[in-house]
Undergrad: 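Submitted below is the structure of interest, expressed as C-alpha cells.
Here the structure is a predicted model, which means the values were calculated and not measured. Values below: all heavy atoms of this structure, side chains included; hydrogens, waters and symmetry mates excluded. Residue numbers count from 1 along this sequence.
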Amino acid sequence: MQLGMVGLGRMGGNMAERLRAAGHEVVGYDTNPELSQVPDLAGLVARLTDSPRVVWVMVPVQFLDQVLDDLGALLSEGDIVIDGGNSRWTGDAPRAEKLAARGVRFIDCGVSGGVWGTEYGYALMCGGDAADVAVVQPVFDALKPAGEHGFVHAGSHGAGHFAKMVHNGIEYAMMQAYAEGWELLEKADVVTDVPAVFDSWREGTVIRSWLLDLIARALADDPGLERIRGYADDSGEGRWTVDAAIDLGVPVPALTAALFARFVSRQDESPAMKLVAAMRQQFGGHAVQSESPDVAAV
C-alpha cells in the first residue's frame with residue numbers, strides 16, 4: 001500500500017521504517033525538515049496517488065486537532081485518517097464526526113511497542129468501522145508482530161484508544177510490582193546479587209515477561225541503578241484509566257496505587273522508582289534523570 005505518515009519522531013519514524021521494509025510506500029512529513037520528505041501537509045497529500053488515500057498521524061495530542069483540520073481540508077471523500085498517538089478516547093468520536101462531515105473516514109489506533117517495535121513489531125488496538133479497518137489491514141499486518149497475535153479491531157470509534165489506555169494502566173501496575181520487589185531485595189542483606197535473582201526469574205516462573213527481560217538488561221548495565229534518579233513521569237494514560245474506572249464504578253486499586261507511586265517519585269527520592277525509570281528507558285527510550293548533577297542524563 002501507499003500511505004502518508006505525519007510525525008516522524010521516535011515512534012512514527014520507526015513505524016515508517018518497518019512499513020518500508022515490508023514493501024509499502026511511505027511518504028513522510030515532519031515539522032523537522034531534516035526528517036521530512038515533503039515541505040508541508042499539502043505536499044504529502046499531493047504525493048499520495050492511491051485511492052483512497054491513507055494518512056497515519058503520529059503527533060502529540062496538543063497538535064492533533066490542527067493537523068486533522070488541515071488534513072480534512074486537503075483530503076477527498078473516502079480517504080482515511082488514522083490517529084496512532086496517545087490520544088484520550090473520549091475525543092475520537094467527535095473527531096470522526098468532524099472528518100465525516102467532509103467525507104473523510106477516521107480510525108483510532110493505540111500503538112504499543114516502543115523503540116523495539118521496528119524489530120519485533122507493534123501491538124495495535126483499533127477503533128472504527130470494520131470496512132475502513134479492512135482497507136488498511138495490509139498496513140496493520142506489516143506493523144504487527146509475526147504470528148496470530150498483536151492486532152485487534154476493538155470496536156467502534158474510541159475503542160482502540162480505550163484499549164491502549166487500559167493496557168498502559170496495567171503496565172503501570174506491573175512495573176510498580178517489579179520495582180517494589182527490587183527495592184525489597186536490595187534492602188535485604190541476605191541477598192547478595194539482586195541482578196542475578198532477576199535474571200533467574202526470566203525462565204520457568206509465572207512472573208516472567210518482556211518487562212523482566214528489560215529489567216535484567218538495565219541491571220546488567222547499572223547493577224545498583226546508581227546513575228538513575230528515582231523519578232518517573234507519567235504520559236497521562238494512567239490518569240485517564242483511573243478516571244474511566246471511577247466513571248464506570250470499577251475498582252482498580254493496583255492501577256491507582258501505581259499511578260500515585262509516580263507522583264511520590266517527584267517528591268522525595270524513591271529507590272523503587274529507579275527501576276520504573278530504568279524500565280521506561282529500556283522499552284520506550286524515555287529520558288531518565290541522572291542521580292548525580294555531574295553526570296548527564298541519559
Undergrad: Give a yes or no on whether L212 and W116 share a hydrophobic cluster (residues Ile, Leu, Val, Met, Phe, Trp, Tyr; joining criterion: side-chain heavy atoms under 4.5 Å apart).
TA: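 The answer is yes; both residues are in one hydrophobic cluster.
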Undergrad: How far apart are the C-alpha atoms of W56 and V111, what are their side-chain angles, what is the distance that settles it, and do they pass the side-chain contact (heavy atoms from CB on, under 4.5 Å) test?
TA: CA-CA 12 Å; W56 193 306; V111 181; 4.0 Å; yes
Undergrad: Determine the minimum heavy-atom distance between M5 and G12, stating which atoms define it.
TA: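 Result for this residue pair: CG-O, 4.0 Å.
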Undergrad: Hey, is the main chain of G155 close enough, under 3.5 Å, to the side chain of H153 for a donor-acceptor pair?
TA: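 At least one qualifying donor-acceptor pair exists.
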Undergrad: Taking the side chain as every heavy atom from C-beta outward, state whether V191 and E186 have any atom pair closer than 4.5 Å.
TA: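 No, every pair of side-chain atoms sits at 4.5 Å or beyond.
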Undergrad: Is L64 linked to L41 within one hydrophobic cluster, defined over Ile, Leu, Val, Met, Phe, Trp and Tyr using a side-chain heavy-atom separation of less than 4.5 Å?
TA: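 In one cluster: yes.
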Undergrad: Ignoring hydrogens and angles, tell me if any N or O in the side chain of Q2 forms a donor-acceptor pair with the backbone of T49 under 3.5 Å.
TA: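 It does hold such a pair.
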Undergrad: Between atom CE of M15 and atom CG of L19, what is the distance when rounded to the nearest 0.5 Å?
TA: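 Reported value, rounded in 0.5 Å steps: 6.5 Å.
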Undergrad: Tell me, yes or no, whether the heavy-atom count around R217 atom CZ, taken from other residues, nucleotides or ligands under 6.0 Å, exceeds 12.
TA: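 Incorrect, the count does not exceed 12.
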Undergrad: Is a side-chain donor or acceptor of D129 paired with a backbone partner of A131 at a separation under 3.5 angstrom?
TA: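 Not a single qualifying donor-acceptor pair exists.
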Undergrad: Where do V55 and L48 come nearest, in terms of heavy atoms and distance?
TA: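 Here V55 and L48 meet closest at CG2-CD1, 3.8 Å.
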Undergrad: Between S209 and Y178, is there a side-chain donor-acceptor contact under 3.5 Å, judged purely by atom types and distance?
TA: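 The answer is yes; a qualifying pair exists.
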Undergrad: With rounding to the nearest 0.5 Å, note down the distance linking CZ in R105 to CD1 in I80.
TA: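 Here the rounded value is 4.0 Å.
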Undergrad: Does any non-hydrogen side-chain atom of V61 lie less than 4.5 Å from one of N86?
TA: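 Of all side-chain heavy-atom pairs linking V61 with N86, none is under 4.5 Å.
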Undergrad: Mind telling me whether F283 and W210 have parallel, tilted or perpendicular rings, with 30° and 60° as the class edges?
TA: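 Because their plane-to-plane angle lies in the 30° to 60° range, the rings of W210 and F283 count as tilted.
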Undergrad: Between D221 and R227, is there a side-chain N and carboxylate O pair less than 4.0 Å apart?
TA: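 Looking at D221 and R227, the cut-off is met.
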Undergrad: Quick one: CG on L74 to CZ on R102, what's the gap to the nearest 0.5 Å?
TA: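 Output value for this atom pair is 9.0 Å.
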Undergrad: Count I, L, V, M, F, W, Y as connected when their side-chain heavy atoms are under 4.5 Å apart, and connections chain through other members. Are Y120 and I215 then in the same cluster?
TA: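 Cluster IDs for Y120 and I215 match.
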Undergrad: Taking atom CZ of R88 and atom CD of E237, what is their separation to the nearest 0.5 Å?
TA: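 It is 10.5 Å, given to the nearest 0.5 Å.
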Undergrad: Are Y172 and T241 close enough that some pair of their side-chain heavy atoms sits under 4.5 Å apart?
TA: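 Y172 vs T241: side chains apart.
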Undergrad: Is R202 reaching over with its side chain to a backbone N or O of D199, donor-acceptor style, under 3.5 angstrom?
TA: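 The answer is no, because no donor-acceptor pair under 3.5 Å joins these two groups.
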Undergrad: For atom CH2 of W240, is the number of surrounding heavy atoms from other residues, nucleotides or ligands below 6.0 Å larger than 12?
TA: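 Above 12, so yes.
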Undergrad: From the options Q176, M175, R239, select the one residue that forms a side chain to side chain contact (heavy atoms under 4.5 Å, CB included) with R262.
TA: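 Running side chain to side chain contact (heavy atoms under 4.5 Å, CB included) over Q176, M175, R239 with R262 returns exactly one hit, M175.
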Undergrad: Can you measure from CD (E25) to CE (M1) and round to the nearest 0.5 angstrom?
TA: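 With rounding to 0.5 Å, CD (E25) is 11.0 Å from CE (M1).
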Undergrad: side-chain contact (heavy atoms from CB on, under 4.5 Å) between T31 and F63: does it pass, once the steps are laid out?
TA: CA-CA 11 Å; T31 53; F63 306 117; over 6 Å; no
Undergrad: Which heavy atom of V26 sits nearest to which heavy atom of Q37, and what is that distance?
TA: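 In terms of heavy atoms, the two residues are closest at O-OE1, 3.2 Å.
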Undergrad: Is it true that, when you exclude E203 itself, more than 12 heavy atoms of the residues, nucleotides or ligands shown sit nearer than 6.0 Å to its CD?
TA: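 For E203, atom CD is not crowded (no more than 12 foreign heavy atoms under 6.0 Å).
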Undergrad: Among the clusters formed by ILVMFWY side chains lying less than 4.5 Å apart, do M165 and L124 turn up in the same one?
TA: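 Per the 4.5 Å side-chain linkage, M165 and L124 are not co-clustered.
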Undergrad: Can you check whether V57 reaches L71 side chain to side chain, under 4.5 Å on heavy atoms?
TA: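 Yes. Closest side-chain heavy atoms under 4.5 Å.
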Undergrad: Give me the atom names and distance for the closest heavy-atom approach of H24 to P138.
TA: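 Distance-wise, the nearest heavy atoms are NE2-O, 3.4 Å.
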Undergrad: Can you find a pair of side-chain heavy atoms, one from K98 and one from F106, that are under 4.5 Å apart?
TA: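 A side-chain contact is absent here, since even the closest heavy-atom pair is not under 4.5 Å.
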Undergrad: Salt bridge check, D141 against K144: does any charged N sit closer than 4.0 Å to a carboxylate O?
TA: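 Not counted as a salt bridge, because no side-chain N and carboxylate O are separated by less than 4.0 Å.
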Undergrad: Is the shortest heavy-atom distance from the side chain of V115 to the side chain of R10 under 4.5 Å?
TA: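 With C-beta onward as the side chain, the pair touches.
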Undergrad: Can a donor-acceptor pair be found, under 3.5 Å and without considering hydrogens, that links the side chain of D79 to the backbone of R53?
TA: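 Answer holds: yes.
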Undergrad: Quick one: does V133's side chain get under 4.5 Å of F151's, heavy atoms only?
TA: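 Result yes, sub-4.5 Å side-chain heavy-atom pair found.
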Undergrad: Taking all non-hydrogen atoms of both residues, which atom of Y122 and which atom of P145 are closest, and how far apart?
TA: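 Distance-wise, the nearest heavy atoms are O-CD, 3.2 Å.
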Undergrad: Given the rule that I, L, V, M, F, W and Y join up when any side-chain heavy atoms are under 4.5 Å apart, are I207 and L184 in one cluster?
TA: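 No, separate clusters.
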Undergrad: Give me the atom names and distance for the closest heavy-atom approach of M58 to G85.
TA: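 Taking every non-hydrogen atom into account, SD-N, 3.9 Å.
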Undergrad: Drop me the distance from I107's CD1 to L99's CG, to the nearest 0.5 angstrom.
TA: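 The CG atom of L99 is 11.5 Å from CD1 of I107, to the nearest 0.5 Å.
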Undergrad: I want to check something: taking the side chain as every heavy atom from C-beta on, are V6 and V59 in contact at a cut-off of under 4.5 Å?
TA: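 In contact.
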Undergrad: Only one of D108, D69, D65, D83 forms a side chain to side chain donor-acceptor pair (under 3.5 Å) with R95, so which one is it?
TA: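 Going through D108, D69, D65, D83 one by one, the side chain to side chain donor-acceptor pair (under 3.5 Å) with R95 is satisfied by D65 alone.
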